[in-house]
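This report concerns only the one structure given below.
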Amino acid sequence: MTSAKSLYIWQVPVRIWHAVNGIAILVLCVTGWLIGNPPPSVGGEASERFLMGDLRFVHLVAAHVFAVGMLVRLYWAFAGNEYSRQMFVLPVWRADFWEEIGYRLRYYFFVTKEKRIESGHNALARVAYFGANVVLAFVLIATGYAMHGQQLGDGSWADSLFGWVVPLLGNAQEVRMWHYTSMWLMVSFVIVHVYLAVRADITGVQSSVGSMVSGWRTYWRKRD
């Protein structure tokens, strides 16, 4: 390893959102799984047990945190630096953007050993983050609140804002299926995201995991 330099990339609001969003996703996935696959029985007096109610409450609180966090993150895409909006704006009209996607696919599948550096997210990461943190997040929020609106009843705030989702997808069971499928897609994204971030720290020419903690990305001119 030779000389290195650092660049301040991720501002404090982005880093806070990243941590809070990760915790919310973890809580949502665990409670969502248990809600969809409840335990067969709970021991003790029935009047003293409210397990599923507690799970649904925790799930709903985490959902509110997730949804509000996405709204704050969207705001910061306009208020923050240039890197804060990379997840929301994909320059698909640029040839170098598609060339970078091709290179990243070759690199991640071990077709090429060439190592490039970039400030912020690379092109393939931007596509993945847009798909997960914008499209998939919206589907999860919309379908989740649509189901919550059915529980609260006609005319409730959730029904007023997201009641259109049920007829759009067909029926309540289709909404649940989209919500459940989206959860597993999010889990898959998180697994791949963590793997690639750690891999970048180990084999790449720039910091990845540490940069989301400190905000500073360190670049190495050469790494053996």
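Along the sequence shown, residues carry numbers from 1. The structure presented is a predicted model; accordingly, all values stated were derived computationally and were not measured.
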Check: [Y] and [X] side chains under 4.5 Å, non-hydrogen atoms:
{"X": "Lys5", "Y": "Thr218", "value": "no"}
{"X": "Val92", "Y": "Trp98", "value": "yes"}
{"X": "Trp17", "Y": "Val72", "value": "no"}
{"X": "Leu140", "Y": "Met186", "value": "yes"}
{"X": "Leu124", "Y": "Glu100", "value": "no"}
{"X": "Asn81", "Y": "Ile9", "value": "no"}
{"X": "Met87", "Y": "Arg73", "value": "yes"}
{"X": "Cys29", "Y": "Trp184", "value": "no"}

Taking all atoms of both residues into account, what is the closest heavy-atom pair of [X] and [Y], and its distance?
{"X": "Arg85", "Y": "Ala77", "value": "NE-O, 3.0 Å"}
{"X": "Leu28", "Y": "Ala63", "value": "CD2-N, 3.6 Å"}
{"X": "Ala142", "Y": "Val165", "value": "O-CG2, 3.9 Å"}
{"X": "Tyr180", "Y": "Trp33", "value": "OH-CZ3, 3.1 Å"}
{"X": "Ile35", "Y": "Leu55", "value": "CD1-O, 4.1 Å"}
{"X": "Gly80", "Y": "Gln11", "value": "CA-OE1, 3.3 Å"}

- Under the salt bridge (Lys or Arg N to Asp or Glu O under 4.0 Å) rule, collect the residues that match up with Glu114, sequence neighbours excluded. Arg116
At what distance, to the nearest 0.5 angstrom, does [atom1] of [X] lie from [atom2] of [Y]?
{"X": "Lys113", "Y": "Lys115", "atom1": "NZ", "atom2": "NZ", "value": "9.5 Å"}
{"X": "Ser156", "Y": "Phe162", "atom1": "OG", "atom2": "CZ", "value": "11.0 Å"}
{"X": "Gln86", "Y": "Ser119", "atom1": "CD", "atom2": "OG", "value": "6.5 Å"}
{"X": "Ile101", "Y": "Arg126", "atom1": "CD1", "atom2": "CZ", "value": "9.5 Å"}
{"X": "Gln206", "Y": "Leu7", "atom1": "CD", "atom2": "CG", "value": "10.5 Å"}
{"X": "Leu51", "Y": "Leu34", "atom1": "CG", "atom2": "CG", "value": "7.5 Å"}

- Message: Between His193 and Tyr129, is there a side-chain donor-acceptor contact under 3.5 Å, judged purely by atom types and distance?
- Response: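 The answer is yes; a qualifying pair exists.
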Residue [X] excluded, over 12 heavy atoms near [atom1] under 6.0 Å:
{"X": "Trp178", "atom1": "CH2", "answer": "no"}
{"X": "Arg56", "atom1": "CZ", "answer": "no"}
{"X": "Tyr75", "atom1": "OH", "answer": "no"}
{"X": "Met52", "atom1": "CE", "answer": "yes"}
{"X": "Trp157", "atom1": "CH2", "answer": "yes"}
{"X": "Asp96", "atom1": "CG", "answer": "yes"}

- Task: Flag the pair Arg104 and Glu118 as a salt bridge only when some basic side-chain nitrogen lies within less than 4.0 angstrom of an acidic carboxylate oxygen.
- Result: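 Looking at Glu118 together with Arg104, the answer is yes, because their closest N to O distance falls below 4.0 Å.
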Are [X] and [Y] joined in one hydrophobic group, where the rule is that I, L, V, M, F, W and Y side chains link up if heavy atoms are under 4.5 Å apart?
{"X": "Val198", "Y": "Tyr195", "value": "yes"}
{"X": "Leu196", "Y": "Phe130", "value": "yes"}
{"X": "Phe138", "Y": "Leu136", "value": "yes"}
{"X": "Val139", "Y": "Val190", "value": "yes"}
{"X": "Leu71", "Y": "Val134", "value": "no"}

- Derivation and outcome, side-chain contact (heavy atoms from CB on, under 4.5 Å), residues Val175 and Leu168: CA-CA 9 Å; Val175 175; Leu168 176 66; over 6 Å; no
- Item | Quiz item: cation-pi between Arg15 and Trp10, 6.0 Å / 45° |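 Arg15 over Trp10 ring: no.
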- Six-ring centre of Tyr107, Arg199 cation under 6.0 angstrom, axis tolerance 45°: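 Yes, cation above the ring, under 6.0 Å and within 45°.
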- Item | Residue pair Val58, Val27: steps toward the side-chain contact (heavy atoms from CB on, under 4.5 Å) verdict | CA-CA 8 Å; Val58 173; Val27 174; 3.6 Å; yes
- Query: Between His179 and Tyr145, does the ring centroid distance fall short of 6.0 Å?
  - Reply: no
- Item | Check: Ser6 main-chain N/O paired with Arg217 side-chain donor or acceptor under 3.5 Å | no
